[in-house]
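Data first, discussion second: the structure below is written as structure tokens.
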Protein chains: 2
Amino acid sequence: MSFDHVSDSTVRRLSNYLRVLDELGKEGEAVVSSQGLAERAGVTSAQVRKDLSYFGTFGRRGRGYEVAVLESEVRGILGLDRRWRVGLVGAGNIGSALFAYKEFARQGFDIVAVFDDAADRIGAKLGELEIRPMDDFERVCRERGVEIGVIATPAKDAQAIADRMARVGLRGILNFAPRKLFVPDAVALRTVNMAIELESLSFALAQDEEKRHGRRRFPAG
Amino acid sequence: MSFDHVSDSTVRRLSNYLRVLDELGKEGEAVVSSQGLAERAGVTSAQVRKDLSYFGTFGRRGRGYEVAVLESEVRGILGLDRRWRVGLVGAGNIGSALFAYKEFARQGFDIVAVFDDAADRIGAKLGELEIRPMDDFERVCRERGVEIGVIATPAKDAQAIADRMARVGLRGILNFAPRKLFVPDAVALRTVNMAIELESLSFALAQDEEKRHGRRRFPAG
DNA sequence: TGTTGTGAAGGCGTTCACAGCC
DNA sequence: GGCTGTGAACGCCTTCACAACA
């Protein structure tokens with residue numbers, strides 16, 4: 001039995017707990033209650049306890065959780081106790097920013113190859129790495145043991161690249177292109193879609209606008 | 001009555017429908033069924049119809065939806081039929097990438113001011129805009145009528161900046177710092193947290209790893 | 001006939017509330 | 001006494017299934 005039944009929301013909250021635990025550790029706190037953790041993470045204490053309960057029992061009744069112990073447990077649960085070899089496709093604005101993004105390496109993701117098809121980028125360097133043409137994609141992925149692909153290309157190219165990533169056997173894809181991708185079940189896919197966040201922010205602001213000005217654009221019910 | 005009861009998931013799906021409708025339009029399709037839209041968006045047809053039903057009735061029974069009409073309706077719903085004035089805080093890797101990110105302007109978000117506190121960045125230019133020190137934040141926001149703030153700073157500074165943004169009256173915040181922020185109800189907040197996506201990808205891969213190797217790190221149930 | 005729009009049913013995640021334990 | 005761990009209740013979102021209608 002595996003832990004597929006753990007919801008995505010739970011996993012995402014674990015990430016937040018981990019950051020809070022990291023902070024608490026730096027502040028010298030040795031023990032924290034579900035209540036204390038919850039306040040900093042912006043959730044309820046019951047939620048914290050329920051989330052953790054899916055993976056084991058880490059606390060002591062009447063006392064709380066050892067910060068250091070819980071942090072290390074959560075790291076393990078999230079699979080952050082090992083490193084992954086990453087191939088980056090797209091060396092434009094977003095790709096370059098990702099390459100320089102320290103969080104990436106800090107979480108155990110090492111970019112070991114960069115690809116782009118723009119003639120003026122091929123052969124250029126990103127850090128120590130030479131930017132390769134997509135023709136070399138499959139060969140270089142095999143040579144360097146790439147396990148995870150990051151897509152930072154225009155939306156129109158994203159699905160074709162995801163297909164190649166799946167075909168060459170990559171196990172996970174992090175997609176930054178503003179497009180819904182379809183991949184085989186064997187490939188884990190996560191998407192960072194700024195367009196969606198922008199648009200959902202725009203929606204919230206537009207709603208607010210209506211309230212202020214009393215406009216009614218949609219059926220009142 | 002407003003549309004606060006519309007779930008966030010519905011709004012996020014509307015964003016996807018909008019991109020699909022845009023594609024369909026470019027492909028010359030005049031009409032699309034909920035089924036057709038659903039397939040491209042990766043959801044069910046019932047979901048599409050239900051999502052749209054919160055805002056009105058846009059289709060014709062027995063026929064489907066006019067692509068152009070629906071696209072324009074969804075644009076309106078998402079508040080993408082106007083432009084917003086944006087202030088960007090943080091001109092490092094992510095801030096610069098955002099500045100150059102075309103989707104931003106395309107969706108109606110115009111960056112009209114850039115702030116950073118690093119001595120070597122103040123006074124430099126990002127596009128046409130001079131990078132200003134945070135001391136000027138409130139004044140420049142008022143002068144230029146900034147309505148939305150974007151946070152692209154290290155995590156440790158993010159909350160303090162969010163506080164200043166709320167205090168000066170910004171109505172929305174888009175946060176790229178990997179930290180949970182707390183803002184007044186009057187301020188709309190959206191977060192793009194790459195660390196969370198990375199970690200949830202890591203979790204999925206670690207689960208997969210266990211399946212392959214038969215390891216059991218968590219209580220089997 | 002074909003497809004929408006929508007009440008009702010179902011499923012899933014969150015919250016409650018308390019037994020169990022330190 | 002205090003706090004965790006968890007079954008049960010709750011509420012929300014999704015899916016179903018069909019009446020309404022072009």
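Note on naming: letters A, B, ... go to the chains in the order of the sequence lines (proteins, then strands), and numbering restarts at 1 for each one.
Contact annotation for B/Ser9: backbone-only contact, meaning every heavy-atom pair under 4.0 Å involves sugar-phosphate atoms and none involves a base.
Screening residues 43-62 of chain A for salt bridge (charged side-chain N to carboxylate O under 4.0 Å, His left out), with sequence neighbours left out, gives A/Arg13-A/Asp51.
In this structure, B/Arg75 does not pair ionically with B/Asp22, as no charged nitrogen and carboxylate oxygen lie closer than 4.0 Å. Ion pair A/Glu197/B/Arg12 flagged as a salt bridge, since at least one NZ, NE, NH1 or NH2 atom sits closer than 4.0 Å to an Asp/Glu carboxylate oxygen. Remark: B/Arg106 engages B/Glu103 in a salt bridge, criterion side-chain N to carboxylate O under 4.0 Å. Using a 4.0 Å cut-off between charged nitrogen and carboxylate oxygen, B/Arg144 and B/Asp110 do not count as a salt-bridge pair.
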Seminar exercise, completed: Whether each nucleotide of nucleotides 15-22 of chain D has a protein heavy atom under 4.0 Å at its base (B), only at its sugar-phosphate (S) or at neither (-) is summarised, 5' to 3', as BBB-BBBS
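A donor-acceptor pair under 3.5 Å is absent between the side-chain atoms of A/Asp157 and the main chain of A/Ile161, judged by distance alone. Judged purely by atom type and a 3.5 angstrom limit, A/Ser33 has no side-chain atom pairing as donor or acceptor with the backbone of A/Gly64.
No hydrogens or angles considered: a donor-acceptor pair under 3.5 Å links the side chains of A/Gln159 and A/Asp163.
Note on A/Ser34: a side-chain N or O is less than 4.0 Å away from OP1 or OP2 of D/dT4.
As a whole-Å value, the separation of A/Asp51 CG from D/dT6 P is 13 Å. A/Tyr54 places its OH atom 11 Å from the P atom of D/dG7, with the value rounded to the nearest Å.
Protein chain A touches strand DNA chain C; the 5'-most and 3'-most nucleotides with an atom under 4.0 angstrom of its non-hydrogen atoms are C/dG13 to C/dC22.
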